[in-house]
Amino acid sequence: MTVSPTLDASNAPRGKRWWRLPLWLLVAVVMLEVLINVALNVGVVQAIMRRGTDRTQLSWQRAWWLWPVGRLHLKGFTLTNQDTQRWWKVEVDALTAGVSLTGLLRKRVDVYGIDGRGATFRMEPSPAPEEGPSDPNSRPWVIHLRDVTIHEVRELDFSRVRFAGALDVKGELNLQSRERIQVDLPSVRVAEGFLEVDGKRVARLEALSARARLDAPFQGEQDGYDLSKAIGGQAQAKVDLLPLDWVNDLLGASAPVSLRGGGGRLELDVRMERNMLEPGSRLEASGTQLDLRAGPMRARAPWSLKASMDEQRPGQPAGQLSLAFAPVKVSGPKGNGVEVPEVALSVLARRREGQPGFDLEPELRVAKSRPLDLRLLNPWLEQTLAVDSGHVTVRTEERSPKAKKRNSLELRMDTDLVSGRMGNNKVLLRAEVEVDARHLSWDMKELGLAGTTLRLSNVSSNGPVPIRAWSGTFSLPRASLTLSPTVLSARFSSQLTDTQPLVALITASKRLPSFLTSLLNIPKVEVTGQVQIDERGLQVRELKAKGDGFSLEGHLDLVQGNITGALLTTLGAVTGGIELRPGNNGLHLVNAKQWFAGQQAPPFR
């Protein structure tokens, strides 16, 4: 009998072992798949990236990935960045994307074909904490998000300004930590949404379409990313502007200014390159009656705004803006007022040759108003000069069509013959005020009127020392008008033709000492000082006057024709002090300077 040899396992037929290799491969793929999904969900990937991305972080709440054939699915995705000046965050409810796994091994986050839904963006000033110097040999992470589509962006929050609605965006992000951030948004569309300022709705976006680019290099630890020339693109929008009542919450309950109404419509097409407006940009807006209350005054007017940026042509402006209010109705506390047919501010912009930026040429146009009864000023002015009759008109000078240069921003107010009373004294005068609007300033509490000029003419008075047909010009290098309460404060200087007004103010009887009588004959006197006028009267401080052989200094208060104060006057070799009291002025010729040194001027009320 023949015994067959036993077969060695190593010599088993290959056909019986073929399934082992695919099985092990399948087990390896499953294990790798499990490891990848575990790493994605327990924070391993985030921790690795957090150590390498410095102030840029990616995170998510849940994730799954059928690698390598499937797409990465993320829930609660967040991307944050913080530099030395600002902090921002992008949050997406859910997204799917293709991811390069090998890129992670090279410190690159390469994500493509991103499709997300439900997102918010927040940015606010928030300097990053100081950190020690980074390792110069370390290579920063690169985050590259390509072919991004996000639907239903619900919120764009820039700290105080916020968009709320539904926005769709397509784009790309390339962020190289500590080197450069690049954003390309070829399509941004809004079907409807609202703009808010400090939580108050200010406008409704009827439609918006835009494309935008941002390319900001990193400028170092102290400066962060340079945004000065980083932005370009185009935006077209139709906006319904809500009434401006929301501004009052920003001003505060104690502000002397309030706004009501003024809602309207705005259409714009803005084109930018390197943060500069480009030709083709335009804006048109108009609104219903805007009601402005400033102290005791009230102004009401519909408004319109137009702006455009054109192709540059030799000798022609590159851009222009026009803001108009027509008609403007101004009224006082008792309801009486004036109507101005139109108030318009226009600005031409000319590019600077060989330099960035524009030279601006503003011009103010105020159509001649109807006469305004000056008696409406009596609640404020009557302790100084109570107006019995007189009117004022407001206007600007007409510019000649042949004029090559635009006029300065001068607003003129002219009166007819004004009749009034300073106590028991009758006063007649004409006044002309020129306000250089280039020097106007506004800080919500007072209106700056630096550069204003006041001209008085035909000034006459029947006081103890009558004034006859006197005139003078006063320049106000510093001046301000506080609205609540109404207070005019100014520093003035003047070249007077003679001293009639000074003598009239300091004389209480027609019988003058010879020392004062000679004041009537002093021509060409220079006068400076500070003045304040409020509802309680007029105050003058640091009053100084100089003429040929004549000088005067002191302070005085005027209330309903009654004067209090102290003056030191020098005529030639004679110096005397004048004590001003209602109905009885005192004269000090002995030790006048010592007496005056003891007459300290009280501060302004």
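Just the heavy atoms: all of them, side chains too, but no hydrogens, waters or symmetry mates, feed the values below. Residues take their numbers from the sequence shown, with the count starting at 1.
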Point to revise | Gap separating the CG atom of L449 from the CG atom of L481, nearest 0.5 angstrom | key: 6.0 Å
Point to revise | Side-chain donor-acceptor contact under 3.5 Å, E172 with H144 | key: yes
Point to revise | Spacing of CZ belonging to R478 relative to CZ belonging to R491, to within rounding of 0.5 Å | key: 5.0 Å
Check your understanding: Charged N to carboxylate O below 4.0 Å: is that the case for E432 and R455?
Key -> yes
Point to revise | Side chain to side chain, L58 and F77, heavy atoms closer than 4.5 Å | key: yes
Practice item. Please check if the side chain of T288 supplies one atom and the backbone of G263 the other of a donor-acceptor pair under 3.5 Å. Key: yes
Point to revise | Pair D184 + R213: basic N to acidic O under 4.0 Å | key: no
Check your understanding: Would a 4.5 Å heavy-atom cut-off, applied to side chains only, mark D115 and H151 as touching?
Key -> yes
Exercise for review: Start with the C-alpha gap between V202 and L242, add the side-chain angles, then the distance that decides, and say whether side chain to side chain contact (heavy atoms under 4.5 Å, CB included) holds.
Suggested key: CA-CA 5 Å; V202 304; L242 302 181; 5.7 Å; no
Point to revise | Gap separating the CG atom of L205 from the CG atom of L266, nearest 0.5 angstrom | key: 10.0 Å
Review point. Of the options Q61, R154, R117, K75, which is the one that meets D93 in a side-chain hydrogen bond (donor to acceptor under 3.5 Å, both in side chains)?
Key: R154
Point to revise | Minimum heavy-atom distance V92-G116, with the two atoms named | key: CG1-CA, 4.2 Å
Check your understanding: Between the main-chain N or O of A431 and the side-chain N or O of T415, is there a donor-acceptor pair closer than 3.5 Å?
Key -> yes
Review point. Got a second to check how far L72's CG is from L74's CG, nearest 0.5 Å?
Key: 4.0 Å
Point to revise | 4.5 Å side-chain heavy-atom contact, L348 and D359 | key: no
Point to revise | Ion pair check, D240 and R204, cut-off under 4.0 Å | key: yes
Check your understanding: What's the spacing between L244 CG and D291 CG if we round to 0.5 Å?
Key -> 11.0 Å
Exercise for review: Check whether any side-chain N or O of T393 sits under 3.5 Å from a backbone N or O of K368 as a donor-acceptor pair, and report yes or no.
Suggested key: no
Exercise for review: Could you tell me whether the side chain of D534 and the main chain of L488 form a donor-acceptor pair under 3.5 Å?
Suggested key: no
Point to revise | Distance (rounded to the nearest 0.5 Å) between D414 CG and H391 NE2 | key: 14.5 Å
Check your understanding: Does E284 pair with K306 as a salt bridge, N-O distance under 4.0 Å?
Key -> no
Study note, to complete from the structure: When every non-hydrogen atom of P341 is compared with those of E339, the smallest separation belongs to CD-O, 3.9 Å
Exercise for review: Check whether any side-chain N or O of W380 sits under 3.5 Å from a backbone N or O of T486 as a donor-acceptor pair, and report yes or no.
Suggested key: yes
Check your understanding: Hey, does the side chain of T78 reach the backbone of S59 with a donor-acceptor pair shorter than 3.5 angstrom?
Key -> no
**Study point:** Any S369 side-chain heavy atom under 4.5 Å of R395 side chain
**Key:** no
Practice item. Give the minimum heavy-atom separation between V239 and A203, together with the two atoms involved. Key: CG1-CB, 3.5 Å
Exercise for review: Kindly indicate whether the side chain of V190, heavy atoms from C-beta on, has any atom under 4.5 Å from the side chain of F163.
Suggested key: yes
Check your understanding: Any side-chain heavy atom of L250 sitting closer than 4.5 Å to one from K200?
Key -> no
**Study point:** Pairing of D245 and R260 as salt bridge, 4.0 angstrom limit
**Key:** yes
Exercise for review: Please assess R265 against E206 for the test side chain to side chain contact (heavy atoms under 4.5 Å, CB included), listing each intermediate value before the final yes or no.
Suggested key: CA-CA 10 Å; R265 185 170 179 80; E206 181 180 304; 3.0 Å; yes
Exercise for review: Walk me through it: do L227 and L214 pass the test side chain to side chain contact (heavy atoms under 4.5 Å, CB included)?
Suggested key: CA-CA 8 Å; L227 300 179; L214 184 145; 4.2 Å; yes
Exercise for review: Search all heavy atoms of Q530 against all heavy atoms of F492 and return the closest pair with its distance.
Suggested key: N-CE2, 3.8 Å
**Study point:** Flag side-chain contact, heavy atom, 4.5 Å: L283 against V270
**Key:** no
**Study point:** Lys/Arg N to Asp/Glu carboxylate O, K170 vs D168, below 4.0 Å
**Key:** no
Exercise for review: Please confirm whether the backbone N or O of S228 pairs with a side-chain atom of N275, one donor and one acceptor, at under 3.5 Å?
Suggested key: yes
Check your understanding: Would you call K89 and E124 a salt bridge, using N to O less than 4.0 angstrom?
Key -> no
Check your understanding: Do the non-hydrogen side-chain atoms of L185 and V148 ever get within less than 4.5 Å of each other?
Key -> no
Review point. Nearest heavy-atom pair of S346 and R365: which atoms, and what distance?
Key: OG-NH1, 4.2 Å
Exercise for review: For the pair F158 and F121, name the ring-plane relationship: parallel under 30°, tilted 30 to 60°, perpendicular over 60°.
Suggested key: tilted
Exercise for review: I would like to know whether L79 and W88 meet side chain to side chain contact (heavy atoms under 4.5 Å, CB included); could you show each step before the answer?
Suggested key: CA-CA 8 Å; L79 169 63; W88 56 264; 4.0 Å; yes
Practice item. Specify the closest pair of heavy atoms between A301 and A326, including all atoms of both residues, with the distance to one decimal. Key: CB-N, 4.4 Å
